[in-house]
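Before any comments, here is the structure.
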Amino acid sequence: MLHRLNPNSPIGVFDSGLGGLTVVKELLAVLPDENIVYFGDTARVPYGTKSRETIIRYSREIVGVLLKYKVKMVVVACNTASSLALDVLKKECPVPVVGVIDPGAKKAALSTKSKKVGIIATSSTIKSGQYARRLKVFEPRVRVMSQPCPLFVPLVEEGWLANDITRRVAHEYLDELKKAGVDTLILGCTHYPLLKRTIASVMGPGVMLIDSAREVALEVKHILRIQDILRAESSHTRHLYLVSDEPDIFKYRAVRFLGTSVKNVRQYSL
Ligand code: DGL
């Protein structure tokens, strides 16, 4: 089925839960006139420990929901889903699909001088090897060190962004990367930008932290422009947040990710 692309249609964004809101925050800054439909799969989070088959199945279901809302493009604002399901979604989806891996990998490739790049992400993202592969496409001389950080997501969800426990966990995960001399570290999970301050204090001032959210928003703008489907300036925008579990916790925690409260939150059972 061919989807008719209308500039006034919303941009569809999805994540396993809250983390994708770090991408929405940048979309709102870069594309203030656009309508957005966000889907957070709060009933099935986390994705970061699940298999490729499961992530593909979940992602397909969510894209199906977004298409019902007539989205003009889909942003996979989840590193795990981008690592494991992006190729499939791109093939099947009748509207443009953007993930978060390439923008981050490209930025890291441009930033590194020592050609030693660290990647931190969920276990499934690291296991997929997708960041390392894409980095080597953009910078063939790069040496990659990968570190899964499974405790970071629950710490962020709990709002423990810079306390002693979080700092100790960060040392546990990051000390080896620091010792290895990486000069660039990819924050390969949508939750990690909230830990930037703690991660930066462990890695020290010589290490560039790469958060791809801004690059993703710029890439979305570029695609909308070349497809001629940028929405015209408007004083009225609609942002709808769909969640697969009850909305209250999402509403409460969303402020931390977006920096502003969310109003239009609805439950959508899959
Ligand atoms: N949003 C996921 C990611 O960026 C992290 C949370 C999860 O494990 O589902 O990989």
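Each ligand, and each atom within it, is numbered from 1 in the order the structure gives. Keep in mind that the numbers below use all heavy atoms, side chains included, and drop hydrogens, waters and symmetry copies.
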Less than 6.0 angstrom separating the ring centers of F152 and Y173, yes or no?
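Close enough - the centres of the two rings lie under 6.0 Å apart.
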Ring centroids only, cut at 6.0 angstrom: are F14 and Y38 within range, meaning strictly under it?
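Not close enough - the centres of the two rings lie 6.0 Å or further apart.
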Looking only at protein heavy atoms, identify the closest one to [atom] and say how far it is in Å.
atom	value
atom 5 (C) of ligand 1	C189 SG, 3.5 Å
atom 8 (O) of ligand 1	G48 N, 2.8 Å
atom 2 (C) of ligand 1	C78 SG, 3.6 Å
atom 6 (C) of ligand 1	S16 OG, 3.5 Å
atom 10 (O) of ligand 1	T80 OG1, 2.6 Å
atom 1 (N) of ligand 1	D15 OD1, 2.7 Å

Polar proximity ligand 1 side, H191 side, N/O cut 3.5 Å exclusive
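Looking only at distances, the answer is no, because the N/O contact criterion of under 3.5 Å is not met.
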T125 N/O to ligand 1 N/O under 3.5 Å:
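For ligand 1, there is no N or O atom that lies under 3.5 Å from one belonging to T125.
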With heavy atoms of [X] as the reference, note each atom of ligand 1 found under 4.0 Å away.
X	result
Y47	7 (C), 8 (O), 9 (O)
V45	9 (O)
T122	5 (C), 8 (O), 10 (O)

L224, V37, N35 screened by side chain to side chain contact (heavy atoms under 4.5 Å, CB included) with I11, the one that passes:
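So the option named by the test is L224.
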Identified side chain to side chain contact (heavy atoms under 4.5 Å, CB included) counterpart of L66 within the set V71, V13, V95, V75:
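Only one option passes, and that is V71.
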Is there a salt bridge (Lys or Arg N to Asp or Glu O under 4.0 Å) between K196 and D211 once you walk through the steps?
CA-CA 9 Å; K196 245 184 197 167; D211 153 15; 3.3 Å; yes
Examine the proximity of ligand 1 to T190 and report which part, side chain or backbone, both or neither, has a heavy atom under 4.0 Å away.
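Both of them.
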Taking all atoms of both residues into account, what is the closest heavy-atom pair of I126 and A121, and its distance?
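In this case the closest contact between I126 and A121 is CD1-CB, 3.8 Å.
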R44 side chain near E61 side chain, heavy-atom distance below 4.5 Å:
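The answer is yes, as the side chains (C-beta and beyond) meet within the 4.5 Å cut-off.
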If you count every heavy atom of other residues, nucleotides or ligands that lies below 6.0 Å from F138 atom CZ, does the total exceed 12?
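More than 12 within 6.0 Å, yes.
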